[in-house]
Amino acid sequence: MSILVFGGTGQIGFELVRELARIDDIVAPTRDEVDLTSPEAIRAAVEHFAPAVVVNAAGYTAVDSAETDESACAALNVEAPEVLAKSCRRRGACFIHFSTDYVFDGAKTAPYVESDATGPLNVYGKTKLAGERAIEAVGGAYLIFRTSWVYAGRGRNFPLTMLRLARELTELAVVDDQIGAPTSARAIASAVADVLGGLSDGDALRDAAESAAGIYHLSAAGHTTWYGFARAILADAPWPEQQVCRNLRAIATAEYPTTAPRPRYSVLDNSKVRERFGVQLPPWDEQWQTVSAELRLKRS
Ligand SMILES: NC(=O)c1ccc[n+]([C@@H]2O[C@H](COP(=O)([O-])OP(=O)(O)OC[C@H]3O[C@@H](n4cnc5c(N)ncnc54)[C@H](OP(=O)(O)O)[C@@H]3O)[C@@H](O)[C@H]2O)c1
């Protein structure tokens, strides 16, 4: 086998397994098969499968729970990536990892570039940043893709929650003062497959990845607020006939407090990934239309 994927049951991981299959053989052990909180299990898996590429799409992604569960969050977001990076370096494998827009504090009003100062506001963001730093310290052939506001046609995410609530409630209130770029897991996976496909095979792939090693922003083009996203979701809902929601209200974050604070602005500038690898994700609203159409098709 050639590509080892962790987190294959998650939003990005599930789509990655499908997309990467067009490049090479994939093996995607489940959490029961390889628990990433066990350094020994990670080392054994990388040795056993001897992959050319390891993709880590696993993570502790429950942003609010992380506030009171810091050690579990760090085990998955800091310690596991560090062990993965070391195992890859030892084996000469290329390591692909995902990070988040929540490494930023949101004080900017123009898209963040990779070299901008970080300043996470919550435990999740702090652990993701520490994970990035641990990987950078190991070095080697690593690519870290920071993405944002991820969703898919499956799993637990904002659009599927909105669609469910719009079937149950006549009025919905959604935060309109956090700005970001909703990004579909499929679009991320497709871009990562293009990046990997663009690099060559075997040792050359590792060399190419090592010379390109670093952090890359990879999110949908454009930006909106959670309210703007909710409007687009309901305007292009896969099953509009079931909607009872007639009033979608824009509210301030102060009216919907969460355990973990979020950045008010976390749009990512994608120039670096476009210039280095020639990949560019579609606008966020087009991505939603694609996912909505797939959901509709699945239902019919
Ligand atoms: N979601 C977002 O909005 C967002 C935004 C920016 C960046 N990211 C980053 O993108 C990556 C993927 O996010 P996602 O939303 O696709 O994740 P997700 O849907 O929450 O899936 C998480 C994955 O991690 C696996 N996992 C959890 N604990 C594990 C363990 N101890 N051992 C092995 N596997 C374990 C889960 O397996 P089970 O199915 O067994 O639980 C699942 O496959 C993460 O690094 C995340 O930080 C996400």
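Sequence positions, counted from 1, serve as the residue numbers for this chain. Atoms within a ligand are numbered from 1 in the order they appear, just like the ligands themselves.
The main-chain N or O of Leu218 is found under 3.5 Å from a side-chain atom of Thr147 such that the two form a donor-acceptor pair. A donor-acceptor distance shorter than 3.5 angstrom exists from the side chain of Asn157 to the backbone of Ala152, with no hydrogens or angles considered.
The 12-atom threshold is exceeded at CZ of Arg296, counting heavy atoms of other residues, nucleotides or ligands nearer than 6.0 Å. A 6.0 Å sphere centred on CZ of Arg164 holds more than 12 heavy atoms belonging to other residues, nucleotides or ligands. Surrounding CZ of Arg43 are more than 12 heavy atoms belonging to other residues, nucleotides or ligands, all under 6.0 Å away. Within a 6.0 Å sphere centred on CD of Glu168, other residues, nucleotides and ligands contribute more than 12 heavy atoms.
Those atoms of ligand 1 with a heavy atom of Thr100 less than 4.0 angstrom away are 6 (C), 7 (C). Listed by atom number, the atoms of ligand 1 under 4.0 Å from Lys128 heavy atoms are 44 (C), 45 (O), 46 (C), 47 (O). In the vicinity of Ile12, heavy-atom distances shorter than 4.0 Å reach the ligand 1 atoms 10 (O), 12 (C), 16 (O). Under a 4.0 Å criterion applied to the non-hydrogen atoms of Thr37, ligand 1 contributes the atoms 31 (N). Those atoms of ligand 1 with a heavy atom of Ser99 less than 4.0 angstrom away are 6 (C), 7 (C). Those atoms of ligand 1 that come under 4.0 Å of a heavy atom in Val150, given as number and element, are 1 (N), 2 (C), 3 (O), 4 (C), 5 (C), 48 (C). Of all atoms in ligand 1, numbered sequentially from 1 with element shown, those under 4.0 Å from a heavy atom of Asp35 are 30 (C), 31 (N), 32 (N).
The closest protein non-hydrogen atom to atom 15 (O) of ligand 1 is Gln11 NE2, 3.0 Å. Taking atom 47 (O) of ligand 1 as the reference point, the nearest protein heavy-atom neighbour is Tyr124 OH, 2.7 Å. Ranking protein heavy atoms by distance to atom 22 (C) of ligand 1, first place goes to Gly59 O, 3.8 Å. Counting protein heavy atoms only, atom 6 (C) of ligand 1 is closest to Thr147 O, 3.2 Å. Distance from atom 39 (O) of ligand 1 to its nearest protein heavy atom, with residue and atom name: Thr9 OG1, 2.5 Å. For atom 32 (N) of ligand 1, the nearest non-hydrogen atom of the protein is Leu36 N, 3.0 Å. Summary of contacts: the protein heavy atom closest to atom 41 (O) of ligand 1 is Arg31 NH2, 2.7 Å. Given atom 11 (C) of ligand 1, the protein heavy atom at minimum distance is Phe98 CB, 3.8 Å.
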Test side-chain hydrogen bond (donor to acceptor under 3.5 Å, both in side chains) applied to Thr30 and Asp32, step by step: CA-CA 5 Å; Thr30 62; Asp32 288 344; 5.0 Å; no
Run the side-chain hydrogen bond (donor to acceptor under 3.5 Å, both in side chains) check on Ser219 and Asn270 step by step: do they pass? CA-CA 7 Å; Ser219 57; Asn270 283 234; 3.0 Å; yes
Kindly indicate, with the supporting measurements, whether the criterion side-chain hydrogen bond (donor to acceptor under 3.5 Å, both in side chains) is fulfilled by Glu67 and Thr259. CA-CA 7 Å; Glu67 294 296 304; Thr259 312; over 6 Å; no
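Under 4.0 Å from ligand 1, not a single heavy atom of Arg146 appears. At a heavy-atom cutoff of 4.0 Å, ligand 1 is contacted by no atom of Tyr102, backbone or side chain. Here Thr61 has side-chain heavy atoms under 4.0 Å from ligand 1, and that is the only part of it that gets that close. In Ala185, neither the side chain nor the backbone holds a heavy atom less than 4.0 Å from any atom of ligand 1.
Under a 4.0 angstrom heavy-atom cut-off, Ala62 registers as lying outside contact with ligand 1. Distances shorter than 4.0 angstrom occur between a heavy atom of Val34 and an atom of ligand 1.
For the pair Arg146 and Tyr216, the NZ or CZ position fails the cation-pi test of under 6.0 Å to the six-membered ring centre and within 45 degrees of the ring normal.
With distances taken over non-hydrogen atoms, the option nearest atom 28 (N) of ligand 1 out of Leu76, Ile144, Leu16, Leu268 is Leu76. Of the candidates Ala75, Ala41, Ala58, Pro29, Ala58 brings a heavy atom nearest to atom 26 (N) of ligand 1.
The residues Lys86 and Glu82 are annotated as salt-bridged, a charged nitrogen and a carboxylate oxygen being separated by less than 4.0 angstrom. Comment: Arg231 does not engage Asp236 in a salt bridge, judged by the lack of any side-chain N to carboxylate O separation of less than 4.0 angstrom.
Side-chain atoms of Gln178 and Thr253 form a donor-acceptor pair, as typed in the model, at a separation below 3.5 Å.
Considering backbone and side-chain N/O atoms, Gly7 comes within less than 3.5 Å of an N/O atom of ligand 1.
A centroid separation of less than 6.0 Å is found between the aromatic rings of Phe229 and Tyr151.
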